[in-house]
Amino acid sequence: MENSVALSLQSRALIGSEKLGRRESGFVRFGNGVFEEKAFQTIRVGDQRSKRASIRSGIPDAKISCCCKKSTGHENFHISVDEALILKRKSEDVFSYLNGRCIYLVGMMGSGKSTVGKILAEVLGYSFFDSDKLVEQSVGMPSVAQIFEVYSEAFFRDNESEVLRELSTMRRLVVATGGGAVIRPINWRYMKQGITVWLDVPLEALARRIAAVGTASRPLLHEESGDPYTKAFARLTALAEQRGDAYANADARVSLEDIAAKQGHEDVSALSPTTIAIEALLKIEMFLTEKSKVRNSASIQG
Ligand SMILES: Nc1ncnc2c1ncn2[C@@H]1O[C@H](COP(=O)(O)OP(=O)(O)OP(=O)(O)O)[C@@H](O)[C@H]1O
Ligand SMILES: O=C(O)C1=C[C@@H](O)[C@@H](O)[C@H](O)C1
């Protein structure tokens, strides 16, 4: 990607959080019990100075309500007051441990990286980025599917690595990475500048989610024939086999099967994105506290 080609990073309205600081209250509104997608702000990042200035300058405090309504308008994930409070408390614990480090969510297509990522960004006062969207913007095409078709998967992957490299220089971001970002070792070098979290979702659940919205926007799932669930499941299974343990490089693993078992649910579809976001915060906290214990005992010994 040419430096002169300004790529646009798309960020949430919380882009100004570094200047505004963390809002201690009012980041959830319990009235309607639903999160609401906010308008995205576009900043130019071809020039690193203007990128950082945009992030620092901030925008007026956005009112954040308690619900996540995807832009498709199909889904509403309701959250209870209890869950909202746990989410808030846990985010406060994790915030200080993070010390500004970014969170990179990895996982298969449809694993909920964007949905959960937006919740995490909101409660931490971080900015949210979707690396697929950043690649679309940097290439100047409306969809990943089109980039694959007009150029190639390799071209997409090169641009994806470049986007991750740029993001790795920044702080206080939650990044939903592309499902295949884990296959290139260089991408791990970039993502490991922050904390990496794997959303581990059973393939059946992924296929169900993807079938519900169709496979058109996901080029790697679109080639198979058959009904949407069957083709999504077949292709996801093949991709999971090819990728082997790549996702397991992440610092923290959020297993939906484990959460469901813990909470006595038979099916992971009973788990709301908020529940998953809370578990992600717990796992991040565990990873960071473990790491600081190891560091402390090494400094005592040495
Ligand atoms: N916990 C959940 N329960 C039910 N549906 C969910 C949950 N989390 C996400 N979804 C739905 O699954 C679909 C995929 O979610 P999302 O876009 O967040 O995944 P993603 O990992 O970012 O996908 P991709 O990598 O393909 O962009 C969406 O329709 C979303 O509403
Ligand atoms: O799993 C994958 O390889 C992909 C996932 C999507 O997020 C996109 O990055 C693209 O469709 C490839």
Side-chain angles (χ1 to χ4, degrees), residues 1-22 40-59 94-107 113-114 116-118 120-122 124-140 144 147 155-198 246-247 249-252 280 284 287-288 291-292 295:
M1 199 181 313
E2 295 274 302
N3 236 1
S4 57
V5 181
L7 65 94
S8 297
L9 290 189
Q10 192 179 50
S11 98
R12 297 223 59 195
L14 284 170
I15 195 87
S17 56
E18 256 181 80
K19 181 183 172 212
L20 296 167
R22 189 149 182 269
F40 283 91
Q41 186 196 14
T42 301
I43 55 170
R44 310 288 294 176
V45 297
D47 171 319
Q48 292 287 331
R49 276 171 313 167
S50 68
K51 172 171 62 187
R52 295 211 175 85
S54 301
I55 283 177
R56 271 197 305 272
S57 68
I59 53 165
V94 169
F95 183 78
S96 51
Y97 284 121
L98 277 170
N99 197 19
R101 273 172 290 189
C102 298
I103 296 173
Y104 291 88
L105 296 174
V106 301
K113 299 180 295 288
S114 306
V116 173
K118 286 173 188 171
L120 291 175
E122 211 150 87
L124 288 167
Y126 272 31
S127 305
F128 174 79
F129 290 87
D130 175 331
S131 73
D132 283 344
K133 294 227 159 40
L134 298 180
V135 174
E136 288 165 5
Q137 289 175 11
S138 73
V139 173
V144 170
I147 299 171
F155 177 84
F156 170 80
R157 299 280 173 219
D158 289 344
N159 280 275
E160 181 177 56
S161 293
E162 180 55 21
V163 159
L164 291 172
R165 189 193 63 73
E166 288 222 32
L167 291 173
S168 72
T169 64
M170 300 165 78
R171 286 171 68 73
R172 297 190 184 196
L173 309 178
V174 177
V175 181
T177 64
V182 296
I183 59 182
R184 284 195 172 180
I186 185 75
N187 294 345
W188 282 106
R189 265 213 351 242
Y190 302 139
M191 295 190 291
K192 289 274 178 165
Q193 298 302 312
I195 313 299
T196 48
V197 180
W198 171 25
Y247 294 112
N249 285 320
D251 300 317
I284 292 169
F287 169 73
L288 292 173
K291 207 167 138 180
S292 81
R295 235 193 344 254

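Bear in mind the structure is a predicted one, so any value in this text is a computation, not a measurement. Atoms considered below: every heavy atom in the structure, side chains included; atoms not considered: hydrogens, waters and symmetry mates.
Among residues two or more places apart in sequence or in another chain, the side chain to side chain donor-acceptor pair (under 3.5 Å) test is passed with Thr196 by Asp251. Residues forming a ring pair (Phe, Tyr, Trp, His ring centres under 6.0 Å) with Phe287 (at least two apart in sequence, or on another chain): none. Residues passing the side chain to side chain donor-acceptor pair (under 3.5 Å) test with Ser161, sequence neighbours excluded: Arg184, Asn187. Qualifying side chain to side chain contact (heavy atoms under 4.5 Å, CB included) partners for Tyr97, counting only residues two or more places apart in sequence or in other chains: Glu285, Leu288, Thr289. Legend: residues meeting side chain to side chain donor-acceptor pair (under 3.5 Å) with Arg101, ordered by chain and number and at least two apart, are absent.
Val175 is not listed as a side-chain neighbour of Lys113, based on a closest heavy-atom distance of 4.5 Å or more. Side chains of Tyr126 and Leu120 form no contact here, defined as non-hydrogen atoms less than 4.5 Å apart. With contacts defined as side-chain heavy-atom distances shorter than 4.5 Å, the pair Val182/Asn249 does not qualify.
The OG atom of Ser131 sits 10.0 Å away from atom OH of Tyr104, with the distance rounded to the nearest 0.5 Å. Interatomic distance, CD of Glu162 versus CG of Leu134, reported as 11.5 Å (0.5 Å rounding). In this structure, the separation between CG on Leu167 and OG1 on Thr169 is 7.5 Å, given to the nearest 0.5 Å. Between atom CG of residue Asp132 and atom CD of residue Gln137 there is a gap of 11.5 Å, rounded to the nearest 0.5 Å. Note that CD1 of Ile103 is 3.5 Å distant from CD1 of Ile284, once rounded to the nearest 0.5 Å. Atom CD1 of Ile147 and atom CZ of Arg157 lie 11.0 Å apart (nearest 0.5 Å).
The list of ring-ring contact (aromatic ring centres under 6.0 Å, His included) pairs with a residue in residues 169-196, not counting sequence neighbours, is empty.
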* Could you go step by step and tell me if Val144 and Val135 meet the side chain to side chain contact (heavy atoms under 4.5 Å, CB included) rule? -> CA-CA 8 Å; Val144 170; Val135 174; 5.8 Å; no
* Asked: Would Lys133 and Glu136 satisfy salt bridge (charged side-chain N to carboxylate O under 4.0 Å, His left out), going step by step from the backbone distance to the final call?
  -> CA-CA 5 Å; Lys133 294 227 159 40; Glu136 288 165 5; 5.5 Å; no
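Taking both residues in full, the closest heavy atoms of Asn159 and Ser138 are given as OD1-OG, 3.9 Å, listed atom of the first, atom of the second, then distance. Across all non-hydrogen atoms, the minimal contact from Ser127 to Ala121 is C-CB, 4.1 Å.
Arg189 contributes no side-chain N or O that, together with a main-chain N or O of Arg165, makes up a donor-acceptor pair within less than 3.5 Å.
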